[in-house]
A.B. asks: 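This structure is in structure tokens; I'll ask about it shortly.
In what follows, chains carry the letters A, B, and so on, assigned in the order in which the sequence lines appear, proteins first and then strands, with residues in each chain numbered from 1.
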Amino acid sequence: MAIRRGRGVAAINYPTGMNLGGDPTQALVHSTPTGNFMVTLSSVDLGQGMKQIMAQICAETIGVPTDRVVVDTADTDTGPHCMGTFASRGTHRAGNAVIQAAREARQVMLEVAAEELEVNASDLETDGQGNILVKGAPQKSISIFDVALSAHFKRGRSISGRGMFLIPRSYPEKETGAMKPSTCYAHACTVAEVEVDDETGEVTVLTVKNVFEIGRALNPKMVEQQLVGGSWMGISHALYETTEPYYPNRDHGGTDFNQYLMPGPGDLAQTEIIVLERPSADGPYGAKGPGEMCANPQIPAVANAVFDAVGVRIDTLPITPERILRALKAQASN
Amino acid sequence: MELRKSYFADQRKDDLHEIGQPRPRSDSPGHVTGKTTYFADRNFPGMLHLKMVRSPHHHARIRSIDTSEAEKHPGVVKVLTAKDVPHNVYTILILIQIGPEDETVLADGKVRWKGEAAVAVLAETERAAQEAAAKVKVDYEVLPAVFDMDEALKPGAPIVNEYHGRNYYLYDSGECRKVRFGDVEAGFAGADHVLEQTYQSSPIEHAPTETTGCIVAPEGNDRFTCYTNTQAMFFTLDNTSIILQMPGNKLHFVGGTVGGGFGGKVDVIVEPIAILGAKLTGRPVCFIYSREEEMQISSPRAAEKVVIKDGVMNDGRIVARKVTGYTDAGAYSRHSPYGAQKGAGHYPGPYTIPNVWIDTYCVYTNRTPSSAMRGFGVTIGDFALEVQMDKLARLIGMDPLEFRFINAYRDGDMKAHRQPTEGAALIECMQEASRAANWPVAEKFMAMSSYAKGA
């Protein structure tokens, strides 16, 4: 009886969005009288930080600091249609809609600024700090604050825009299955290192090294929170979680967090996250959806590491101590 | 976390002001100080609490329902049964033309899984609703149930759901969603080795911090405001509109920050019945799942069975892959026909294989209906695919990471579902993993690129 060490690898890809169902999202953007910007959506922030990322996308596109943007979400009286927050689609779909709306608003903003500065709108640029400058002559400028005031009270212009993003639905061909499930895919490769106690069947995940390719890390800190959380969830799926431990038997289902097992802080593996960025052709600033895929590669990586450690295959999830011990027993009797 | 900017540097301009910046989240201070408002933080005068009477049986005919004792219970305001629901038989994906309608809001004549809602009780307090629910008498005739997908697919198995008439979802392509590419049998015939293996999983709970729920307030003008933690506002509103036969302009859905979804809050279960309760009583109604309901009543991730048969050459090339996937939908469709179809579009994984055959089935059993969850249609498939890859590598005596490089897809490669690969990055992820994990592979693999050959 011994503690045995092993490691395993897995590599995966994951589609962004649900092209097979059709998934449109819309956004509206408008300025306040003092040059702040409001993004209106019906999309839902599930705690992953959608509002923050939409604010950064809008700010980048209009050319203002992020703290000048407020995001109003999840109200069907005010927000235009969004299919929903799922299928790794929020950032990609709503982000594209926000860019389109923000571009339209930016154009009006530049037109008003052009009238104030008596130049052509095409000769103007934003400095990202809240000002509009004449290209090549930055001493000639106007603040967005003043542009918004002018639009509202003097020139009668609405600095606003409408955005819509829709990838046409793909219907699978009946006989061949020809279809277009997605326009972009995120990627990952995970190496997991485990220790398996061949006396108790208990698995300890020592390290997980995750490499994720996500198109573009729009906010690296938020990407990190999602990828670390996903990696933890993957390990949890591999070793612990199920509502029906003896599926297809319906008995013994957990009804609370005492009975439904998940790894606690003491079970966390040393986690390494490395991010690569290959911008997607149709992503907002190149982003893909990393929300779901980041929890997938750890499961097979852990399963393969368990085999590497003790030489038994557990092909049924979750990989419980009971299953490992039964497999070891079967192996010994063969 | 580290960003490795050396990869794909030629495809990226790093000249942005706000994008790529690690700005602090504007909502974080509210979250960590407990100031963020969630739907359940609202409290309206006169608010009623809704509790469900649930089936204790996996499959049963309902002979009769007697609500008289429950109605007399102190604090009870209204008891709802199937006849109170205007359009009681529904299915949520009808909005994207995936029918038939196959599920009841409140059981009508039959229950098909243990925990299915049969009667809704509305009372002044949660306790009164709970106590009254226990007084509802439902006379059941227990029917044979089927829990195992293999058993469910056998001829003569008890029919789980009469709206389908068979224990699997019927696609336009037949009993399963199909992908056919090349000649898989010829591929097996010419392979050095053929390996067939079966993988399985059990249902998994989303386990959000905040359980599923909503609070509905009548606005006094025939409109109802529903404060909800749904993941999809209009999807829920439009389905509610169908179920209640109520024009969409009478409904106002308000969300906000949700305490975790993971796909568990897209099923449209709590909102229609709570709005109906508010309409029939004229009072605000609160319907929030207990933790037990969240774990055993709300949809889990489907259990799946995946059978993979591969033909592989001694030099590491996979020449044929056949995948048969089974998704255990439980008693009703919800999102499962879509999930099984998504699986068909995902196999054979991020590898270029010349001969592929995919069948994915959505199977009905007498258990809690499953539905969407993070990685829907893909997560369990990836477990199966990547363990299979490990087995294949060992079968031919090859390093598992090098084996994946040999088969990895690259730009321009034709996928089994007949789309050319674009924007691939699997190879670079594996190269970086090789470095980070100190798992060396041959130099020729470190020199590979996802870009099209000759590009």
Side-chain angles (χ1 to χ4, degrees), chain A residues 9-13 21 42 44-47 49 52 56 59-60 66 74-77 81 84-86 128 174 176-181 184 187 189 191 209 211 213 218 220-221 224 241-244 247-248 253 255-256 273-276 278-280 285 292 296 299-300 303-304 315-317, chain B residues 1-4 7-8 17-19 22-23 25 96 147-148 172-173 178-180 199-205 231-235 237 252-255 257-258 261 291-292 295-296 300 303 345 350 374-375 379 382-383 386-387 390 401 404 417-419 423 425-426 429-430 432-433 436-437:
Chain A
V9 65
I12 57 126
N13 68 341
S42 70
V44 179
D45 190 328
L46 301 174
Q52 176 67 26
Q56 284 185 235
E60 181 71 51
T66 295
D75 188 321
T76 59
D77 272 10
H81 176 251
T85 307
F86 46 70
K174 278 187 256 184
T176 64
M179 61 179 126
K180 188 161 191 169
C184 61
H187 299 86
C189 182
V191 175
K209 294 181 163 62
V211 182
E213 186 281 311
L218 302 183
K221 281 289 175 200
E224 182 175 18
E241 290 189 63
T242 178
T243 53
E244 299 182 36
Y247 174 88
T255 55
D256 61 27
I273 307 281
I274 297 169
V275 169
L276 313 186
R278 183 176 190 189
S280 73
Y285 298 101
E292 296 177 277
N296 287 347
I299 307 174
N304 292 334
D315 292 336
T316 299
L317 292 175
Chain B
M1 188 186 86
E2 289 174 66
L3 280 168
R4 287 289 149 81
Y7 293 91
F8 308 114
H17 293 278
E18 301 300 317
I19 293 300
R23 302 266 183 255
R25 287 175 54 169
I96 57 169
F147 303 113
D148 183 282
D172 60 2
S173 52
K178 300 169 186 169
V179 176
R180 303 286 182 263
Y199 303 89
Q200 284 179 292
S201 71
S202 311
I204 295 174
E205 159 62 15
Q231 292 177 233
M233 306 298 294
F234 277 100
F235 183 79
L237 185 150
H252 178 199
F253 276 55
V254 178
T257 297
V258 173
R291 182 58 63 184
E292 180 170 353
M295 289 209 169
Q296 291 292 329
R374 190 180 203 174
T379 297
D382 277 350
F383 159 69
E386 286 301 294
V387 172
D390 206 66
L401 193 49
R404 287 172 171 84
H417 55 259
R418 292 166 206 254
Q419 289 296 323
L426 192 76
C429 284
M430 296 195 296
E432 187 53 33

A.B. asks: Is the backbone of A:Phe86 close enough, under 3.5 Å, to the side chain of B:Gln231 for a donor and an acceptor to pair up by distance?
C.D. replies: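 Checking the backbone N and O of A:Phe86 against the side chain of B:Gln231, no donor-acceptor pair under 3.5 Å is found.
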A.B. asks: Pick from A:Leu46, A:Thr316, A:Asp256: which one has the most heavy-atom pairs with chain B under 4.5 Å?
C.D. replies: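 Most heavy-atom pairs within the cutoff with chain B belong to A:Leu46.
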A.B. asks: For A:Val191, which atoms come within 4.5 Å of any heavy atom of chain B: side chain, backbone, both, or neither?
C.D. replies: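 Contact with chain B: side chain only.
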A.B. asks: Taking every heavy-atom pair that is under 4.5 Å apart, which of A:Met179, A:His81, A:Arg278, A:Gln52 has the most such pairs with chain B?
C.D. replies: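 Between A:Met179, A:His81, A:Arg278, A:Gln52, the count favours A:Arg278.
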A.B. asks: Can a donor-acceptor pair be found, under 3.5 Å and without considering hydrogens, that links the side chain of A:Ser280 to the backbone of B:Gly423?
C.D. replies: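 No, because the side chain of A:Ser280 does not come within donor-acceptor range (under 3.5 Å) of the backbone of B:Gly423.
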A.B. asks: Which atoms of A:Lys180 are under 4.5 Å from chain B, going by heavy atoms: the side chain, the backbone, both sets, or neither?
C.D. replies: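 For A:Lys180, heavy atoms of backbone and side chain both lie under 4.5 Å from chain B.
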A.B. asks: Under 4.5 Å from any heavy atom of chain A, what part of B:Ile204 do you find: side chain, backbone, both or neither?
C.D. replies: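 Interface part for B:Ile204: both.
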A.B. asks: Indicate yes or no for a side-chain donor-acceptor contact from A:Glu60 to the backbone of B:Ile19 under 3.5 Å, with no hydrogens or angles considered.
C.D. replies: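 It does hold such a pair.
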A.B. asks: What part of A:Thr66 lies closer than 4.5 angstrom to a heavy atom of chain B: side chain, backbone, both or neither?
C.D. replies: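 Both backbone and side chain.
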A.B. asks: Sort out for me which of A:Asp45, A:Val44, A:Asp77 touches chain B most, counting heavy-atom pairs under 4.5 Å.
C.D. replies: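 Most heavy-atom pairs within the cutoff with chain B belong to A:Asp77.
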A.B. asks: Has the side chain of A:Asn304 got a donor or acceptor atom that lies under 3.5 Å from a matching backbone atom of B:Glu386?
C.D. replies: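 Indeed, once roles are kept as given, a pair shorter than 3.5 Å links the two residues.
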A.B. asks: Is chain A contacted by the side chain of B:Arg404, its backbone, both, or neither, given a heavy-atom distance below 4.5 Å?
C.D. replies: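 Just the side chain, heavy atoms under 4.5 Å.
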A.B. asks: Measure B:Pro203 against the heavy atoms of chain A and call it side chain, backbone, both or neither at under 4.5 Å.
C.D. replies: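 Contact with chain A is through both the backbone and side chain of B:Pro203.
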